[in-house]
Amino acid sequence: MRVSLQPAYILHSRPYRDSSLLLEAFTPEHGRISLAARGARRRSRGGSHSALLRPFVPLLLSFSGRGELKSLVATEAAGSAPALLGDRLFSGLYLNELLVRLLHRHDAHPQLFAAYSDALAQLPVAEPMEGVLRRFELSLLTELGYSFDIAVDCRSGDAMQADRWYCYEPGHGLTALPAQASPAADAYAGADLLAIAAGDLCGSARVACKRLLREALAEYLGQAPLRSRDLFQRAKQARVALDGQGEGAG
């Protein structure tokens with residue numbers, strides 16, 4: 001099988017054998033694929049080919065092979081990479097890590113590919129940046145079939161009430177706590193959930209949305225920590241003397 005000029009992004013790369021790279025790429029028609037870029041690390045290749053094989057650069061890739069590991073045949077730039085610095089770089093790495101961890105190989109997700117491309121374009125300029133991450137996480141849950149209705153009680157089917165408190169049930173969604181019960185530390189205010197469902201991620205709803213989606217994704221990510229989140233936390237600790245209120249990285 002040979003595929004020509006497939007839109008793609010590199011999610012991760014690592015050295016492979018003496019002079020090659022092993023790539024994880026995301027494409028709209030073939031999903032996540034593994035590619036061997038043979039000889040990409042040789043200086044004699046001139047650098048232009050290998051310089052493109054890095055995260056966030058929109059590419060057109062040609063590849064071939066019948067097995068799980070395809071051979072990269074040709075690479076063309078399809079645009080320029082967004083200027084991601086500081087927290088925004090860590091947030092881009094976070095998106096990549098989510099895709100590597102959660103996507104099955106060879107499952108096509110054209111809508112998710114478009115959502116990822118849009119997120120990369122918005123990350124350098126969005127204020128606040130958190131909204132970009134939350135919208136992508138919601139798209140990811142929907143594409144993988146793990147989404148739930150934030151505005152509906154998953155047990156009763158009733159609409160959320162602003163004055164009630166809700167808890168998240170893994171694999172199901174949000175359900176109301178007893179009316180007279182004191183809210184637990186991990187409960188969600190109905191008013192915040194209604195704001196999230198309406199796309200309003202300001203104030204307490206913004207904090208609640210981050211916590212809710214982190215809880216929902218944790219079910220599918222497993223026990224291994226996210227490296228991008230760890231890198232973000234280390235960088236944040238290193239600059240505590242400056243501002244220390246960075247956002248992003250999940």
Side-chain angles (χ1 to χ4, degrees), residues 26 28 31-32 91-92 94-104 107-123 126-224 226 228-229 247-250:
F26 182 35
R32 180 169 70 91
S91 294
Y94 168 71
L95 299 185
N96 284 5
E97 190 169 9
L98 286 181
L99 292 173
V100 170
R101 292 273 292 269
L102 295 178
L103 288 184
H104 294 293
D107 280 354
H109 291 285
Q111 291 182 327
L112 183 61
F113 185 88
Y116 174 77
S117 182
D118 288 345
L120 290 185
Q122 295 167 21
L123 270 181
E127 293 292 350
M129 181 177 57
E130 290 255 357
V132 177
L133 302 181
R134 304 294 83 84
R135 285 190 292 273
F136 181 78
E137 289 166 339
L138 287 167
S139 296
L140 179 59
L141 287 169
T142 298
E143 279 290 310
L144 296 180
Y146 302 145
S147 62
F148 54 94
D149 194 334
I150 296 175
V152 175
D153 187 313
C154 69
R155 292 298 183 186
S156 68
D158 295 336
M160 291 288 169
Q161 299 180 39
D163 59 350
R164 294 288 299 273
W165 289 86
Y166 296 82
C167 65
Y168 175 74
E169 292 189 1
H172 298 284
L174 293 150
T175 189
L177 295 173
Q180 303 304 320
S182 299
D186 59 350
Y188 298 91
D192 286 339
L193 296 173
L194 289 172
I196 294 168
D200 180 6
L201 299 182
C202 298
S204 59
R206 176 180 169 188
V207 176
C209 187
K210 180 175 182 176
R211 182 163 61 89
L212 175 60
L213 292 179
R214 180 175 289 194
E215 195 173 355
L217 287 166
E219 180 181 359
Y220 309 107
L221 287 169
Q223 297 299 315
L226 288 167
S228 55
R229 189 175 289 161
E247 60 175 350

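One is the number of the first residue; the rest follow in order along the sequence.
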Can you check whether [Y]'s main-chain N or O pairs, donor with acceptor, with [X]'s side chain at less than 3.5 Å?
X	Y	answer
R164	L177	yes
R101	L221	yes
R155	T175	no
S117	F113	no

Inset, instruction - Could you please spell out the steps behind the side-chain contact (heavy atoms from CB on, under 4.5 Å) verdict for H109 and L103? - result: CA-CA 9 Å; H109 291 285; L103 288 184; 3.8 Å; yes

Rounded to the nearest 0.5 Å, what separation is found between the [atom1] atom of [X] and the [atom2] atom of [Y]?
X	Y	atom1	atom2	value
E143	F136	CD	CZ	9.5 Å
W165	D186	CH2	CG	11.0 Å
L138	L213	CG	CG	5.0 Å
L193	Y168	CG	OH	12.5 Å
R214	L133	CZ	CG	11.0 Å
R134	K210	CZ	NZ	6.0 Å

Give me the atom names and distance for the closest heavy-atom approach of [X] to [Y].
X	Y	value
L98	E137	CD1-CG, 4.2 Å
G173	C154	C-SG, 3.8 Å
A185	R211	O-NH1, 4.1 Å
A216	F148	CB-CE2, 3.9 Å
L123	M129	CD2-CG, 3.5 Å
L99	F26	CD1-CD2, 3.8 Å

Inset, instruction - Please identify each residue that fulfils side-chain contact (heavy atoms from CB on, under 4.5 Å) with A191, with sequence neighbours left out. - result: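 With sequence neighbours excluded, A191 shows a side-chain contact (heavy atoms from CB on, under 4.5 Å) to A162, given in chain and number order.
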
Taking the side chain as everything from C-beta on, heavy atoms only, tell me whether [X] gets closer than 4.5 Å to [Y].
X	Y	value
Y188	E215	yes
D153	L174	no
L140	L144	yes

Legend entry - Side-chain donor-acceptor pair present, Y116, N96, cut-off under 3.5 Å: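 Their side chains do contain a donor-acceptor pair, which is all the 3.5 Å distance test asks for.
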
Legend entry - Test item: side-chain donor near acceptor, S228 and E97, under 3.5 Å: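 Per modelled atom types, S228 and E97 side chains form a pair under 3.5 Å.
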
Legend entry - E219, CD atom: more than 12 neighbouring heavy atoms under 6.0 Å: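 For E219, atom CD is crowded (more than 12 foreign heavy atoms under 6.0 Å).
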
